[in-house]
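Provided herewith is a single structure, encoded as structure tokens, for subsequent inquiry.
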Amino acid sequence: MNANYQRIWNTVLAIPAGKVSSYGRIADLAGLPGRARLVGKALGYAPDALEVPWHRVLRSSGQLAFEAASKTAIRQARLLHAEGVVVRNNRVDLKIYGWSPDISEMLFGLDY
DNA sequence: CGACTGACTCTCT
DNA sequence: CAGAGAGCCAGTC
């Protein structure tokens, strides 16, 4: 069971700085389709030592998974902003910052 | 085994 | 785009 968490953490670690992904997408990439909620749990259990960029994981709509007023949401928004990701009204524009492995590699090839 | 819960998502309105 | 409802999955009691 712990193996699933490990895979989730590895997948999250693969998200490049300045980009964000959703719980569902992470679950798919980790080979665990339909376990979006498990991803959230895995992040909660993730040890600090791994330095998992949990703040780059949002809901499918681009909205943060916490109340805008909560300490966690504030911290997440701050971390994202520090990477150049614009967070407005507790949500991020996935059209701009959303991460997709294939697209990412494609863009990496084009010099932009 | 059944009932409840949650860092989720999809569909319809 | 926001809100409501239903579906899903793993954990816990």
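Small disclaimer: the values here were computed from a predicted structure and weren't measured. Worth knowing before you read on, the calculation uses all heavy atoms, side chains too, and leaves out hydrogens, waters and symmetry mates. Within every chain, numbering begins at 1; the chains are lettered A, B, ... in the order of the sequence lines, protein sequences first and strands thereafter.
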- Message: Going by the rule side-chain contact (heavy atoms from CB on, under 4.5 Å), which residues pair with A:L50 if we only count those two or more places apart in sequence or in a different chain?
- Response: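 So A:L50 forms a side-chain contact (heavy atoms from CB on, under 4.5 Å) with A:W9, A:P47, A:V52.
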
(Q) Please enumerate all residues that pass side-chain contact (heavy atoms from CB on, under 4.5 Å) together with A:R59, with sequence neighbours excluded. (A)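 With neighbours one apart ignored, the set is A:Y23, A:S61, A:A65.
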
Which residues share a side-chain contact (heavy atoms from CB on, under 4.5 Å) with A:R75, sequence neighbours left out
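Testing A:R75 for side-chain contact (heavy atoms from CB on, under 4.5 Å), a comparison that skips the adjacent residues, returns A:W54, A:T72, A:R78, A:L79.
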
Margin query: My understanding is that only residues two or more places apart in sequence, or in another chain, count here; which of them pass side-chain hydrogen bond (donor to acceptor under 3.5 Å, both in side chains) with A:R56?
Written below: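 With sequence neighbours excluded, A:R56 shows a side-chain hydrogen bond (donor to acceptor under 3.5 Å, both in side chains) to A:E83, given in chain and number order.
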
Check your understanding: What pairs of residues pass the salt bridge (charged side-chain N to carboxylate O under 4.0 Å, His left out) test when at least one of them lies in residues 29-46 of chain A, not counting sequence neighbours?
Key ->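 Not a single pair qualifies under salt bridge (charged side-chain N to carboxylate O under 4.0 Å, His left out).
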
>> Is there a side-chain contact between A:L32 and A:V39 in this structure, where contact means two heavy atoms from C-beta onward sitting under 4.5 Å apart?
In response: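 No. Closest side-chain heavy atoms not under 4.5 Å.
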
Here DNA chain B, pairs taken as Watson-Crick or G-U under 3.5 Å and shown with ( ), [ ] when crossing and | when to another strand, reads .|||||.||||||

Item to complete: Give a yes or no answer on whether the side chain of A:D93 reaches the backbone of A:K95 with a donor-acceptor pair at less than 3.5 Å.
Response: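 Judged by distance alone, yes, a pair lies under 3.5 Å.
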
**Request:** Not counting sequence neighbours, which residues clear side-chain contact (heavy atoms from CB on, under 4.5 Å) with A:L94? List them please.
**Result:**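 Residues passing side-chain contact (heavy atoms from CB on, under 4.5 Å) with A:L94: A:V20, A:L58.
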
Find every protein N or O atom lying less than 3.5 Å from an N or O atom of nucleotides 1-5 of chain C, and list the pairs.
{"residue": "C:dA2", "atom": "OP2", "partner": "A:R91", "partner atom": "NH1", "Å": "2.2"}
{"residue": "C:dA2", "atom": "OP2", "partner": "A:R91", "partner atom": "NH2", "Å": "2.8"}

Protein-proximity profile, nucleotides 6-13 of chain B, B/S/- by nucleotide at the 4.0 Å heavy-atom cutoff, equals BBBSS---

Can you pull the ring pair (Phe, Tyr, Trp, His ring centres under 6.0 Å) pairs that have at least one residue in residues 55-103 of chain A, sequence neighbours excluded?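 Qualifying pairs, neighbours excluded: none.
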
Could you tell me the separation between the CD atom of A:Q6 and the OG1 atom of A:T11, rounded to the nearest 0.5 Å?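 It is 10.0 Å, given to the nearest 0.5 Å.
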
